[in-house]
Number of protein chains: 2
Amino acid sequence: MKSSQPVRRRDAASTRNAILCAARNLFARDSYENVGIREIASLSGADAALVSRYFGSKEELFSEMLGHGDRGADIIGTAPEGLPGRVADIMTDPEDEGKSIEDILIILHSANSPVAGPLVQNSIVERFHGPFAEAIGGEHAMVRSQMFGAMLLGLSISQQISGDLADTPEMREKVKARIAEIIAKVISPL
Amino acid sequence: MKSSQPVRRRDAASTRNAILCAARNLFARDSYENVGIREIASLSGADAALVSRYFGSKEELFSEMLGHGDRGADIIGTAPEGLPGRVADIMTDPEDEGKSIEDILIILHSANSPVAGPLVQNSIVERFHGPFAEAIGGEHAMVRSQMFGAMLLGLSISQQISGDLADTPEMREKVKARIAEIIAKVISPL
DNA sequence: CTAATAAGTCATCACCTGTTGACTTGTGCT
DNA sequence: AGCACAAGTCAACAGGTGATGACTTATTAG
């Protein structure tokens, strides 16, 4: 058995997990450089020294965190026909505080970091472009996947910079329709 | 007169300018946090103390640098009809090492910085979305400008992450054509 | 030529970062 | 109960950052 008692105050596995989750939350809001180990430790309720101890270094923690997310499967799992509508929904959802696009935000914030950038880039190719290109199929699927990713990143960063594109419900519908059109064109056979 | 001698080794104005240019180069390659004052000073050939002295602080230097660029006028100055082609050209130019999209790279790298982010965002609205929305005209020009900006940023960051979209000349033509189509749709009346 | 002032340099400060080693405390086994 | 080891804590380190004030050197005006 893993645990004879349901509650343990000292549990390395769950502490590790708490640190990983805290890291994910923070790295979605700020860049690799701007998130400190002490900050991660504080949010997870652990000590800063434990972070270095469990993961070796900040870089290894970041790397492990990248492989810890399930999302993105949302988009990859959506059938190509439904994709434009799904993306348009996600991108115009006013409630979403970066929950369903957490992976995108992580990419956005650390893709250009000297140390975290390469890790992010590898993760994108392996965990997104690869599967997604296969999902949409057709000729030049990789290039089309890259352009699709460009759209996602662009819309997200624009949202971060200028806020939501639409303010009124009617406007939101118009924007949503347009995004869907564009996405459809982006992933259409080249 | 400003200068009786054409050559002065000690010239505050040109030193200031050199610092500004060095800062622009470096901030186009890395984020606000990752570019150090000593690095800027070194590239400009000046002393690190002069940077703080002339501009007060790193933040003020960054702010002044934002207003120091002429580019972006390239895109704003292009007539709406020629815009899709122009953007497609810029985005698929294999030679361009971020020269003509220097402003975009600066935005990309520091838009999310806690300290430089707000400055970048203001600059974008004032120096880009404002003029550009007026240039394309029509209904909801501001929203269309934002989506246009999203495309530019997305394509640029994707290029930074995955390298050039196309590797062969034929592929490049196809990609170019597709980008032009998409841009046309993005800025078309909503 | 010389004195005054601007321009540039140097050393140093206070702060923050990731990381480490030594220490303390809790937990499960016998 | 008592011991052993894992889990968590604390303080400190070395390195790097932006910023400052005192110093030196070049330039120009008188």
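Labels below follow one simple rule: chain letters A, B, ... track the order of the sequence lines, proteins then strands, and each chain is numbered from 1. These values consider heavy atoms only, across backbone and side chains, with no hydrogens, waters or symmetry-generated copies.
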Legend entry - Rounded distance in Å - CZ (A/Arg10) to P (C/dT24): 13 Å

Legend entry - Gap between atom SG of B/Cys21 and atom CZ of B/Arg16 - 0.5 Å precision: 11.5 Å

Legend entry - Gap between atoms CG and C1', on A/Asp47 and C/dC23 respectively (whole Å): 12 Å

Inset, instruction - Can you tell me the distance, in whole Å, between the CZ atom of B/Arg16 and the P atom of C/dA6? - result: 16 Å

Legend entry - NZ/NE/NH1/NH2 to OD/OE distance under 4.0 Å, B/Asp167 and B/Arg172: no

Inset, instruction - Answer yes or no: does a side-chain N or O of B/Tyr54 lie under 4.0 Å from OP1 or OP2 of C/dG8? - result: yes

Inset, instruction - Rounded off to whole Å, could you give me the CD1-to-C1' distance for the B/Ile40 and D/dT17 pair? - result: 12 Å

Inset, instruction - Please test A/Ile75 against A/Leu152 for side chain to side chain contact (heavy atoms under 4.5 Å, CB included), starting from the C-alpha separation and ending with a verdict. - result: CA-CA 11 Å; A/Ile75 286 176; A/Leu152 252 51; 3.7 Å; yes

Less than 3.5 Å apart, which donor and acceptor atoms pair up between the side chains of residues 133-151 of chain B and the rest of the protein, not counting sequence neighbours?
from: B/Arg144; atom 1: NE; to: B/Ile187; atom 2: O; distance (Å): 3.1
from: B/Arg144; atom 1: NE; to: B/Ser188; atom 2: O; distance (Å): 3.4
from: B/Arg144; atom 1: NH1; to: B/Gly137; atom 2: O; distance (Å): 2.8
from: B/Arg144; atom 1: NH1; to: B/Glu139; atom 2: O; distance (Å): 2.7
from: B/Arg144; atom 1: NH2; to: B/Gly137; atom 2: O; distance (Å): 3.2
from: B/Arg144; atom 1: NH2; to: B/Ile187; atom 2: O; distance (Å): 2.9
from: B/Ser145; atom 1: OG; to: B/His129; atom 2: ND1; distance (Å): 2.7

Show which side-chain atoms of residues 47-54 of chain A pair as donor or acceptor with protein atoms under 3.5 Å away, not counting sequence neighbours.
from: A/Asp47; atom 1: OD1; to: A/Ala49; atom 2: N; distance (Å): 2.8

Legend entry - Contact letters for nucleotides 12-20 of chain C, in which S counts primed atoms plus P, OP1 and OP2 and B counts the base, heavy atoms under 4.0 Å: B-----BBB

Legend entry - Phosphate contact (D/dG8 OP1 or OP2) by A/Thr15 side-chain N/O below 4.0 Å: yes

Inset, instruction - First locate atom CG of B/Asp30, then atom NE2 of B/His109, and finally report the distance between them rounded to the nearest 0.5 Å. - result: 6.0 Å

